[in-house]
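One structure is given below, encoded as structure tokens.
The analysis underlying the following values was restricted to heavy atoms, covering all of them including side chains, and did not include hydrogens, waters or symmetry mates.
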Amino acid sequence: MSAPIRLGIAGLGTVGIGVVKIIQKHAELLSARCGCEIVISAVSARDRRKNRDADVSGYAWVDDPLELAARDDVDVFVELIGGDQGVAREAVELALKNGKDVVTANKALLAMHGQELAELAEEQGRVIRFEAAVAGGIPVIKTMTESLAGNRISRIMGVMNGTCNYILTRMESAGLPYETVFDEARRLGYLEADPQLDVGGIDAAHKLAILSSIAFGTRVAFDGVEIEGIERISIDDIHRAADMGYRIKLLGVAQMTARGLEQRMSPCLVPADSPLGQLQGGTNMVVIEADSVGQLVLRGAGAGEGPTASAVMSDIVELARKVRVPVFGQPAGSLTRAQPARTAVPAAYYLRLALLDKPGALAKVAAVLGDAGISIHRMRQYDHQGGTAPVLIVTHKTTPEAIDHAIAELPRTGVIAAEPVELRIEEVQS
């Protein structure tokens, strides 16, 4: 049997303790599968006195993660602190410079600094593994870097934030407004300390940027992601989408086109009977379309102690087996700078309007849409509410530019009582 692989774990929150539990519970199984023992040399966290759901008294305690990253008895530095700046970034860089491999669950760090970290790792002859950074327990990183290495990927799409999916599906199933379910999610501990990371689409956009880099051989380009959160989605939108056979999802889509790399994270309507439409609760799903394999649908728990710790352990086991893959699936120097491109693929759109109760209001709306080259596929008018008339329009396929133009022109008609809501209707396989 080979020499033990020695871990230094920085961060003993939900995921860190989950990793400790797996190592303690499955020590013999891990040893048999890796051909070596996996041991924890030292740990680090902010509060040494905190009561944790695992016994860490047998490991050396280090107050400073930077000291942990430089210890001689650590082969793999496991970074579970979080954040794209500060001690998390400094500790990862220091660990690499001290000849250690890194396993992390930190999507923000990779989305913002992935290229520099990949170059540093290669300079030091080290690797960074990050299965837990995207989609929790779903093995999407290994699927793309290893299993699909012989494929050219054409498109990635998916639901990558379990909190948003919980909120949207809970709104539908319970008939509750967004604000009520948001407060419920906060009480249940589903939201990040900064909720905007979740409901604003930022967390999911970090993940999409990482997947795009692997899929298309490009440098991580988080600043090229078009981001819109779910804050504008009302219970009326949920019900009306359901009436038409759709569900609303915070959907990430990335594809390489002749114009450049399109990356968007935004609420979309998807067919209710599609795999994405049937996704409930905090579950994540990633759909990969590639030339040889066709379409793959990966579904599973996107967060939580067990699933995320399982993903961290998969990376540790890979290193113990001496499997070494470039950070983003190919050498950092070969990753190209992608030209960011705004989505141009035509699609149908859902429009929700509140019109003033004036004669000819609908005609004015139809004229604006017609002038923008947009034709109406379906339209419904609902009972008047306090002097306004709710109107729902589903368009035929049109371009994002045409929709933007129409949305900008509608307030000038003098018949719009509230800001219009427009949602793309995404075509997905059932």
How about CZ on R152, more than 12 heavy atoms from neighbouring residues, nucleotides or ligands closer than 6.0 Å, or not?
no
With a 4.0 Å cut-off on N to O distance, would you call R170 and E184 a salt bridge?
yes
Between the side chain of H396 and the main-chain N/O of A348, is any donor-acceptor distance below 3.5 Å?
no
Between Q263 and S212, is there a side-chain donor-acceptor contact under 3.5 Å, judged purely by atom types and distance?
yes
Please examine the side chains of R129 and T145, heavy atoms only from C-beta on, and report whether any two atoms are closer than 4.5 Å.
yes
Apply side chain to side chain contact (heavy atoms under 4.5 Å, CB included) to the pair K397 and I425, showing each step before the final yes or no.
CA-CA 9 Å; K397 282 188 177 183; I425 300 177; over 6 Å; no
Are E318 and R321 within salt-bridge range, i.e. N to O under 4.0 Å?
no
Does some side-chain heavy atom of Q196 sit less than 4.5 Å from a side-chain heavy atom of V199?
yes
Sorted by chain and residue number, the ring-ring contact (aromatic ring centres under 6.0 Å, His included) partners of Y246 (sequence neighbours excluded) come out as none
When you check the side-chain N and O atoms of Q85 and E90, is any donor under 3.5 Å from an acceptor?
no
Quick one: does N106's side chain get under 4.5 Å of D84's, heavy atoms only?
no
Looking only at heavy atoms, the pair that brings R52 and A45 closest together is NH2-CB, 3.4 Å
Report, one line per pair, each donor and acceptor closer than 3.5 Å where one atom sits in a side chain of residues 232-243; sequence neighbours left out.
from : atom 1 : to   : atom 2 : distance (Å)
R232 : NE     : E228 : OE2    : 3.3
R232 : NH1    : P420 : O      : 3.3
R232 : NH2    : E228 : OE2    : 2.8
S234 : OG     : D236 : N      : 3.3
S234 : OG     : D237 : N      : 3.1
S234 : OG     : D237 : OD2    : 3.2
D237 : OD1    : Y350 : OH     : 2.5
D237 : OD1    : R352 : NE     : 2.4
D237 : OD2    : S234 : N      : 3.0
D237 : OD2    : R352 : NE     : 3.3
D237 : OD2    : R352 : NH2    : 2.9

Counting C-beta onward and ignoring hydrogens, is there a side-chain heavy-atom pair between E131 and V312 closer than 4.5 Å?
no
Going through the distances and angles, do R424 and I403 end up as a side chain to side chain contact (heavy atoms under 4.5 Å, CB included)?
CA-CA 10 Å; R424 184 183 177 94; I403 285 290; over 6 Å; no
If we ignore hydrogens and angles and just use 3.5 Å, is the side chain of K97 paired with the main-chain N or O of A121 as donor and acceptor?
no
Counting only pairs under 3.5 Å, give me each side-chain donor-acceptor contact of residues 202-209, with atom names and distances, residues two or more places apart or in other chains.
from : atom 1 : to   : atom 2 : distance (Å)
D203 : OD1    : K107 : NZ     : 3.1
D203 : OD2    : N161 : ND2    : 2.9
D203 : OD2    : K207 : NZ     : 3.0
K207 : NZ     : M160 : O      : 2.7

Compare all side-chain heavy atoms of I138 with those of M285 and state whether any distance is below 4.5 angstrom.
no
Does the S44 side chain pair with the main chain of V62, one donor and one acceptor, at a distance under 3.5 Å?
yes
For a side chain to side chain contact (heavy atoms under 4.5 Å, CB included) check, start with the C-alpha distance between F182 and L191, then their side-chain angles and the critical distance, and finish with the verdict.
CA-CA 9 Å; F182 176 90; L191 288 163; 3.8 Å; yes
If we ignore hydrogens and angles and just use 3.5 Å, is the side chain of T308 paired with the main-chain N or O of V15 as donor and acceptor?
no
For R378, the side chain to side chain donor-acceptor pair (under 3.5 Å) test, sequence neighbours excluded, returns none
Should the pair K21-D55 be classified as a salt bridge under the 4.0 Å nitrogen-to-oxygen rule?
no
Please walk me through it: do M144 and L211 pass side chain to side chain contact (heavy atoms under 4.5 Å, CB included)?
CA-CA 8 Å; M144 292 175 63; L211 293 183; 3.7 Å; yes
Is T336 reaching over with its side chain to a backbone N or O of T218, donor-acceptor style, under 3.5 angstrom?
no
Give a yes or no on whether the backbone of M265 and the side-chain of E226 come within a donor-acceptor separation of less than 3.5 Å.
no
Contact between I288 and I153 at the side-chain level, heavy atoms closer than 4.5 Å - yes or no?
yes
Identify the heavy atoms of V297 and P275 that sit nearest to each other, and give their distance.
CG1-CB, 4.4 Å
Please report the closest heavy-atom contact between L356 and G414, naming both atoms and the distance.
CD1-O, 3.5 Å
Identify every side-chain donor-acceptor pair in residues 361-374 under 3.5 Å, counting partners at least two apart or on other chains, and give the distances.
none

Between CG of L94 and CG of L120, what distance do you get to the nearest 0.5 Å?
10.0 Å
Decide if atom CD of E427 counts as having more than 12 heavy atoms of other residues, nucleotides or ligands within a radius under 6.0 Å.
no
Check whether any side-chain heavy atom of E79 sits under 4.5 Å from a side-chain heavy atom of V87, and report yes or no.
no
salt_bridge(E426, R264) N-O dist < 4.0 Å:
yes
Between T180 and L176, is there a donor-acceptor pair closer than 3.5 Å when you use the side chain of the first and the backbone of the second?
no
CZ (R324) with more than 12 external heavy atoms under 6.0 Å:
yes
Closest contact, heavy atoms only, G277 versus Q280
O-NE2, 4.3 Å
All pairs passing side-chain hydrogen bond (donor to acceptor under 3.5 Å, both in side chains) where residues 283-297 contributes a residue, at least two apart:
R155-E289
E123/R126 salt bridge by N-O under 4.0 Å criterion
no
Quick one: does I230's side chain get under 4.5 Å of L250's, heavy atoms only?
yes
E93/R89 salt bridge by N-O under 4.0 Å criterion
yes
When you check the side-chain N and O atoms of K142 and S314, is any donor under 3.5 Å from an acceptor?
yes
CG-CE distance between L276 and M157, expressed to the nearest 0.5 angstrom:
7.0 Å
Can you tell me if S334 uses its side chain to pair, donor with acceptor, with the backbone of P331 under 3.5 Å?
yes
Can you give me the closest heavy-atom contact between Y178 and E231, atom names plus distance?
OH-CG, 3.8 Å
Compare every heavy atom of D198 with every heavy atom of Y190, then report the nearest pair and how far apart it is.
O-OD2, 3.8 Å
